Amino acid sequence: MRDLKGIVEVELLVEEGSALTPAREYVHRDTTYVEGRSGQRYALRVRNLTGGRVEVVPSVDGLDVQSGKDASFDLRGIVIRPRDSFDFTGFRISDTDVATFRFGSIEQSYAAQIGKPRNVGVIGVAVFEELAPPPPPPPPPPPPFAPYGGAMSRGAPSPQDGGPPTGAPPAPQAFGPPAPVAPAPAPARPPSPSPAAPPPAPGFVPAPAAPKGLGTTFGERRESRITSTQFERATPKPAAVLVIRYEQREGLRALGIDVDGLSQRETASPFPAETGFAKPPPGWKG
């Protein structure tokens with residue numbers, strides 16, 4: 001799916017066999033859903049479609065994937081270079097590792113394990129564009145030209161004043177300070193990572209009121225390296241926000257989503273076209 005401005009493309013990848021493949025998307029009442037299975041690994045791929053850098057702040061089950069805190073636009077995310085993409089593969093626990101995203105029961109989900117099951121089942125992506133640097137000032141005016149006849153430039157000392165001999169080229173002169181040059185952009189990076197998301201406390205009992213369905217667990221350690229860079233947002237609010245909801249097949253069916261062609265079978269008719277009396281076959285003479 002893409003945002004209306006065409007800034008990014010977001011895709012949920014689910015594990016099939018040993019490979020991650022794009023999940024089928026179902027649009028129902030202006031909301032995008034995908035199907036998940038308990039124990040299945042998944043990743044969130046975000047592709048930058050623009051010619052500038054963007055900062056992406058993802059959330060899973062209402063939690064910021066970088067810090068494990070309640071997701072907010074104020075938290076920092078990952079900077080993606082122009083026309084590049086990044087795969088969010090888990091909750092970040094260091095600059096080099098994440099805890100893999102895996103579907104599981106809501107009771108097993110990371111959000112429920114830390115006592116926050118309210119927003120389980122939804123994935124969000126907030127996108128910020130980068131503030132463009134100001135244009136450099138115009139260059140200084142060129143030096144005055146020497147008049148015809150070979151006379152030296154205005155202000156150049158004569159040989160009698162200790163200047164260069166007649167016919168020798170005048171010494172180079174500075175004409176004002178050089179124009180400032182805009183700093184080169186820093187290499188793309190995820191902004192400074194927030195504190196690692198804490199693992200579930202041993203012996204913690206999730207709230208009994210947790211709803212039924214599918215959630216995202218705090219899975220096994222997986223390598224995912226990030227570095228630091230500078231990024232100034234163009235606006236305090238995101239330029240785009242995209243949302244994907246996930247559920248088991250039974251849950252999608254309960255919502256009325258046609259996950260396996262049921263609508264076609266449900267509208268099948270035992271008498272699709274025939275009306276009136278039976279039509280004799282070709283050549284029938286009675």
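Remember, predicted model here, so these are calculated numbers, not experimental data.
Here the closest non-hydrogen pair linking A112 and I106 is CB-O, 3.0 Å. Considering all non-hydrogen atoms of both residues, K5 and A239 come closest at NZ-O, 3.4 Å. Shown here for S224 and F86, the closest heavy-atom pair between the two residues is OG-CZ, 4.2 Å. The heavy-atom pair separating V27 from T32 by the smallest distance is CG2-OG1, 4.1 Å. Nearest approach of A240 to D3, heavy atoms of both residues: CB-CB, 3.7 Å. Smallest separation of non-hydrogen atoms from I244 and M1: CG1-SD, 3.4 Å.
For the pairing with Y246, the ring-ring contact (aromatic ring centres under 6.0 Å, His included) check across Y33, F103, Y26 returns one residue only, F103.
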Verify side-chain contact (heavy atoms from CB on, under 4.5 Å) between T50 and I7, making sure each step is shown before the conclusion. CA-CA 6 Å; T50 74; I7 302 174; 3.9 Å; yes
Please step through side-chain contact (heavy atoms from CB on, under 4.5 Å) for the pair V10 and L44, ending with a clear verdict. CA-CA 7 Å; V10 176; L44 182 67; 3.5 Å; yes
Applying side chain to side chain donor-acceptor pair (under 3.5 Å) to T100 and R41, what does each step give before you reach the verdict? CA-CA 7 Å; T100 303; R41 179 168 72 95; 6.0 Å; no
Please walk me through it: do R53 and E55 pass salt bridge (charged side-chain N to carboxylate O under 4.0 Å, His left out)? CA-CA 7 Å; R53 299 193 307 170; E55 182 184 1; over 6 Å; no
Apply side-chain contact (heavy atoms from CB on, under 4.5 Å) to T31 and R245, showing your working. CA-CA 8 Å; T31 302; R245 298 184 184 275; 3.7 Å; yes
Begin with the C-alpha distance, continue with both residues' side-chain angles, and end with the deciding distance and a verdict on side-chain contact (heavy atoms from CB on, under 4.5 Å) for D61 and N119. CA-CA 5 Å; D61 295 348; N119 298 299; 5.6 Å; no
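With hydrophobic clusters built from ILVMFWY side chains whose heavy atoms lie under 4.5 angstrom apart, I123 shares a cluster with V54. Follow the hydrophobic side-chain contacts under 4.5 Å out from Y42 and you reach L63 in the same cluster. Criterion: ILVMFWY side-chain heavy atoms under 4.5 Å apart, direct or through other members. Under it, L242 and I78 are part of a common hydrophobic cluster. Note: the hydrophobic cluster containing V60 also contains F88 (ILVMFWY, side chain heavy atoms under 4.5 Å, direct or indirect links). When hydrophobic clusters are built by joining Ile, Leu, Val, Met, Phe, Trp and Tyr residues whose side-chain heavy atoms come closer than 4.5 Å, directly or via intermediates, I114 is grouped together with F101.
Looking at heavy atoms from C-beta onward, F218 lies out of side-chain contact with Q113 at the 4.5 angstrom threshold. With a 4.5 Å cut-off on side-chain heavy atoms, N48 and R81 do not count as touching. Using a 4.5 Å heavy-atom cutoff, the side chains of V57 and P238 are not in contact.
Residue R253 holds its CZ atom at 11.5 Å from CD1 of I257, rounded to the nearest 0.5 Å. How far OG of S59 is from NZ of K69: 15.5 Å, rounded to the nearest 0.5 Å. From S109, atom OG reaches atom NZ of K116 across 12.5 Å, with rounding to the nearest 0.5 Å. Atom CZ in R29 sits 8.0 Å away from atom CG in L255 (nearest 0.5 Å).
A donor-acceptor pair is defined here as one N or O able to donate and one able to accept, closer than 3.5 Å; no such pair exists between the side chain of R233 and the backbone of T235. Under the 3.5 Å distance criterion, the side-chain polar atoms of R76 are matched with a main-chain donor or acceptor of F231.
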Could you go through residues 131-142 and list every donor-acceptor pair under 3.5 Å that involves a side-chain atom there, pairing it with any protein atom two or more places apart or in another chain?
none

Output a table of donor-acceptor pairs, distance under 3.5 Å, between side-chain atoms of residues 11-24 and any protein atom two or more places apart or on a different chain; print 'none' if there are none.
from : atom 1 : to  : atom 2 : distance (Å)
E16  : OE2    : R37 : NH1    : 3.4
E16  : OE2    : Q40 : NE2    : 3.4

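Counting non-hydrogen atoms of neighbouring residues, nucleotides and ligands closer than 6.0 angstrom, the CZ atom of R249 exceeds 12 such neighbours.
When only modelled atom types and interatomic distance are considered, S85 and R45 share no side-chain donor-acceptor pair under 3.5 Å.
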